Amino acid sequence: GIFSVETGSSEKFRITSGGQVGIGLTNPEVQYFNNLVVGNDVAGDKGITIRSNSGNSGILAFSDTDAADANRYDGYIRYSHADQHMSFYTALGNKRFTINEYGYVGVNTTQHSIDGMSRYLSVSARNINNGGAAVEIVGNRTGSDQTLGVINFVNNASNVAQITAKYQGSTTNGSLQ
């Protein structure tokens, strides 16, 4: 059977015989990911709000076990109202990626900035024994423009320095300019 709730003779909530839950629609089972479906095709934005107070966090967790151990929430997304940052956790709940209140991005690091820098991206292997860190810029050039990637250093609107990687006719040779 189907369990549904109506207001004003319009269905607002449904649980199908297969256990799918729909809020704002009558056929959650037609969606590919259909355990919980929120919204419909009526114009306007739809969403889900996780409400917590200003000193705590809102969390969306991903689990593959019922055991009461670290594997219960292998991965999750956490928004901390106290710190005003969003973090992504993987592999036993280890923090891997954070965007803080200033827009700084940290990958596998808790460092928030470099002195004097107002925007920041860090990719770190500080806490990994014999670890390395990398940022990969991938190109696929074969024609006359052999530029694979560019890192620009800009002061306001003026380009003051540039690192350019050039393809030089083989998969193992190139140059930085």
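Just so it is clear, the values below take in all heavy atoms, side chains as well, and ignore hydrogens, waters and symmetry mates. Every value quoted in this text rests on a predicted model; they were computed, and no experiment measured them.
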Are V30 and V21 joined in one hydrophobic group, where the rule is that I, L, V, M, F, W and Y side chains link up if heavy atoms are under 4.5 Å apart? no
With heavy-atom distances below 4.5 Å as the criterion, would you say the side chains of V37 and I23 are in contact? no
Flag yes if I2 and F13 sit in one hydrophobic cluster, no otherwise; membership is Ile, Leu, Val, Met, Phe, Trp, Tyr, and two members link when side-chain heavy atoms are under 4.5 Å apart. no
Heavy atoms, side chains only, cut-off 4.5 Å: are K12 and V5 in contact? no
Tell me whether F88 shares a hydrophobic cluster with F62, the cluster being built from Ile, Leu, Val, Met, Phe, Trp, Tyr side chains joined at under 4.5 Å. yes
If you round to the nearest 0.5 Å, how far is CG of N56 from CZ of R51? 10.5 Å
Looking only at side-chain N and O atoms, does H81 offer a donor or acceptor that is under 3.5 Å from a partner on S57? no
Please say yes or no: joined through hydrophobic side-chain contacts below 4.5 Å, possibly via intermediate residues, are L60 and Y79 part of one cluster? yes
Partners of E29 by salt bridge (Lys or Arg N to Asp or Glu O under 4.0 Å), sequence neighbours excluded? none
Going from CG on L36 to CD1 on I48, what distance comes out if it is rounded to the nearest 0.5 angstrom? 5.5 Å
Any chain of hydrophobic side-chain contacts (each under 4.5 Å) joining I163 to V160? yes
Would N100 and D83 count as a side-chain contact (heavy atoms from CB on, under 4.5 Å) here? Give the steps. CA-CA 8 Å; N100 76 5; D83 299 332; over 6 Å; no
Measuring only between side-chain heavy atoms, which start at C-beta, is V107 closer than 4.5 Å to T98? no
Residue pair N94 / Y89, side-chain heavy-atom distance below 4.5 Å: no
Side-chain touch T16/P28, heavy atoms, less than 4.5 angstrom: yes
Would you please name every residue forming a salt bridge (Lys or Arg N to Asp or Glu O under 4.0 Å) with R78, sequence neighbours left out? none
For atom CG of N53, decide whether the heavy atoms of other residues, nucleotides or ligands shown that lie under 6.0 angstrom number more than 12. yes
Sequence neighbours excluded, the answer for side-chain contact (heavy atoms from CB on, under 4.5 Å) partners of T90 is R96
With the side chain counted from C-beta on, respond yes when M86 and I77 share a heavy-atom pair under 4.5 Å apart, and no when they do not. yes
Mind checking the CD-CD spacing from E6 to E11? Nearest 0.5 Å is all I need. 6.0 Å
As a quick check of understanding, evaluate side-chain contact (heavy atoms from CB on, under 4.5 Å) for I15 and Q20, giving each step before the final call. CA-CA 6 Å; I15 301 175; Q20 295 94 352; over 6 Å; no
Identify the heavy atoms of G55 and A82 that sit nearest to each other, and give their distance. O-CB, 4.0 Å
